[in-house]
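Below: one structure, written as structure tokens.
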2 protein chains.
Amino acid sequence: MPAETPASAPPDLRREQMLRAAAELIGERGFSETRIADVARRAGASPALVIYYFSTKDQLLTEALRFSEEAFYRTVAAKLETLRSAREQLELLVRTTCVPQGEGEIPGAWGLWFDLWAQALRHPEIAKDRIELDQRWRDTIARVVRDGQQRGEIGDVDADAFAITFSALIDGLSIQVALRDPVVDPERAFAIAMAFAARELDVTWRPRRAPTAAPSGRSRRR
Amino acid sequence: MPAETPASAPPDLRREQMLRAAAELIGERGFSETRIADVARRAGASPALVIYYFSTKDQLLTEALRFSEEAFYRTVAAKLETLRSAREQLELLVRTTCVPQGEGEIPGAWGLWFDLWAQALRHPEIAKDRIELDQRWRDTIARVVRDGQQRGEIGDVDADAFAITFSALIDGLSIQVALRDPVVDPERAFAIAMAFAARELDVTWRPRRAPTAAPSGRSRRR
DNA sequence: CGGGCTTGACTGACTGTTCAGTCTAGGTAG
DNA sequence: CTACCTAGACTGAACAGTCAGTCAAGCCCG
């Protein structure tokens with residue numbers, strides 16, 4: 001692998017390089033399997049320097065988790081802006097969570113989520129972050145609903161209650177997808193989530209193909 | 001702590017003691033934070049003996065994960081037998097997953113699940129187990145539905161499709177509960193899941209209290 | 001030349017695993 | 001019944017590898 005790092009970058013960038021590297025590695029290998037030496041190598045720095053910036057390994061990994069989540073939500077929010085109909089916006093939400101690789105975010109984000117949960121369960125500091133982040137996620141969903149309602153695309157439902165249920169459903173589905181469950185492939189997960197939203201929000205959404213049978217292999221949209 | 005271990009038990013029991021100890025510890029501290037020394041101490045044995053039975057640490061922890069999941073599903077299946085109505089059976093399913101501590105199973109089972117997912121993502125061996133176990137879980141749900149249909153308690157729906165969606169929803173809800181999200185407390189998760197099932201299965205279920213407000217502190221049923 | 005950045009070399013602690021035996025129960029021969 | 005023997009359960013002590021974090025010294029930019 002070529003060292004694409006300019007050996008000495010502005011210190012702010014250095015930090016970010018390391019955070020990004022750490023986030024990627026956590027996603028690939030898992031939280032506890034990530035060594036600071038690995039992070040250093042990927043960021044094009046020495047292990048000592050990593051400790052220089054983040055004084056402890058735990059701190060680095062913790063910040064990396066936060067960094068990645070933050071990036072994820074920001075990206076989604078930005079993309080959301082570009083879409084005009086509630087249907088498209090909902091599709092975006094579902095697709096970014098239920099379909100393997102969104103573009104622009106840190107790759108391997110799934111492993112990251114699992115580790116985030118596992119860590120949150122035991123470290124109150126991380127737990128607090130996660131709760132906040134998840135609330136933001138539900139707010140995003142609720143806002144899509146409310147906007148759709150104002151435009152008359154969506155019927156009269158409790159947006160917040162819907163957000164809670166819908167985010168739970170999406171989470172559950174994406175676990176299966178991430179773990180490559182043969183019964184719940186990305187297309188199916190997408191179809192289930194959208195069908196649920198359509199029924200619940202009183203909006204029309206026709207699946208492009210029969211939801212159960214998936215006869216023809218199809219290349220993923222990119 | 002009193003050594004409740006009879007120093008020398010039949011070897012089959014020894015194995016199980018260790019598996020149980022390992023499963024508990026994984027739940028409490030997490031997969032990677034579990035030392036074989038800890039397992040040994042809790043099982044009333046020496047570290048060397050643990051290696052004597054399971055030749056490697058990974059093997060021990062892997063088997064412990066499987067052991068715990070297996071125990072969980074068996075317990076649920078047994079309890080299901082004792083219930084006669086579909087409504088009660090569904091309540092059981094939701095309660096055992098969405099409410100903190102089921103009785104009889106390994107405590108701290110939640111951390112276990114997160115670790116199971118994290119491990120499954122990276123170790124195909126574990127992934128295979130998980131898929132199989134999850135399929136069994138969905139089958140359990142589907143069977144409850146079909147039985148209910150035969151008894152005329154449940155309307156005409158695709159039991160398998162329902163099982164997929166419902167299990168995803170439950171998973172998502174229980175993540176929030178496990179992570180003590182203030183918005184999704186156990187009662188609320190329970191209410192959401194049951195409401196979904198009721199509507200989807202065309203069965204009546206009245207929440208015992210208003211689903212949103214939870215005014216009075218209430219001791220958990222035991 | 002001063003201070004932040006960067007490093008290689010080092011270390012101290014931890015921990016999975018090995019090993020060389022000890023102990024016990026049960027079997028067997030005398 | 002006794003003495004011996006064997007096998008398997010079990011252990012304490014050491015080993016070896018790994019890795020987070022330290023340090024003293026250089027580097028480079030302003």
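Please read all numbers here as calculations on a predicted model, not as lab measurements. Reckoned from all heavy atoms, side chains included, excluding hydrogens, waters and symmetry mates. Labels below follow one simple rule: chain letters A, B, ... track the order of the sequence lines, proteins then strands, and each chain is numbered from 1.
Note: A:W117 and B:W117 have perpendicular aromatic rings, judged against thresholds of 30 and 60 degrees for the angle between ring planes.
Looking only at distances, no side-chain donor or acceptor of B:S68 sits under 3.5 Å from a matching main-chain atom of B:A64.
Going from atom CZ of B:R41 over to atom P of D:dG12 covers 13 Å, rounded to whole Å. Protein atom OH of B:Y53 is 13 Å distant from nucleotide atom C1' of D:dT11, rounded to whole Å. The CG-C1' distance, from B:L13 to D:dA9, rounds to 14 Å in whole Å. Taking atom CG of A:L60 as the reference point, atom C1' of D:dG21 lies 13 Å away to the nearest angstrom. In this structure, B:F54 places its CZ atom 12 Å from P of D:dC10, rounding to the nearest Å. One can place CG of A:L49 at 13 Å from C1' of D:dC27, the figure rounded to the nearest angstrom. Protein atom CZ of A:R29 is 14 Å distant from nucleotide atom C1' of D:dC19, rounded to whole Å.
Here A:Y52 does not reach the OP1 or OP2 of C:dT6: none of its side-chain N or O atoms lies under 4.0 Å away.
In terms of heavy-atom proximity, B:R138 sits nearest to B:A163 at O-CB, 3.4 Å. When all heavy atoms of B:V144 and B:A86 are compared, the closest pair comes out as CG1-O, 4.3 Å.
Considering only residues two or more places apart in sequence or on other chains, B:Y73 meets the side chain to side chain contact (heavy atoms under 4.5 Å, CB included) condition with B:E69, B:W113, B:L133, B:D134, B:R136, B:W137.
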Distances for protein N or O near nucleotides 10-19 of chain C N or O, under 3.5 Å:
| residue | atom | partner | partner atom | Å |
| --- | --- | --- | --- | --- |
| C:dT15 | OP1 | B:R35 | NE | 2.6 |
| C:dG16 | OP1 | B:K57 | NZ | 3.4 |
| C:dG16 | OP2 | B:I36 | N | 3.2 |
| C:dT17 | OP1 | B:T56 | OG1 | 3.1 |
| C:dT17 | OP2 | B:K57 | N | 2.7 |

Check step by step if side chain to side chain donor-acceptor pair (under 3.5 Å) holds for B:S85 and B:E88. CA-CA 5 Å; B:S85 81; B:E88 284 174 308; 3.2 Å; yes

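Nearest to the side chain of B:S46, among D:dA9, D:dT11, C:dT7, sits D:dT11.
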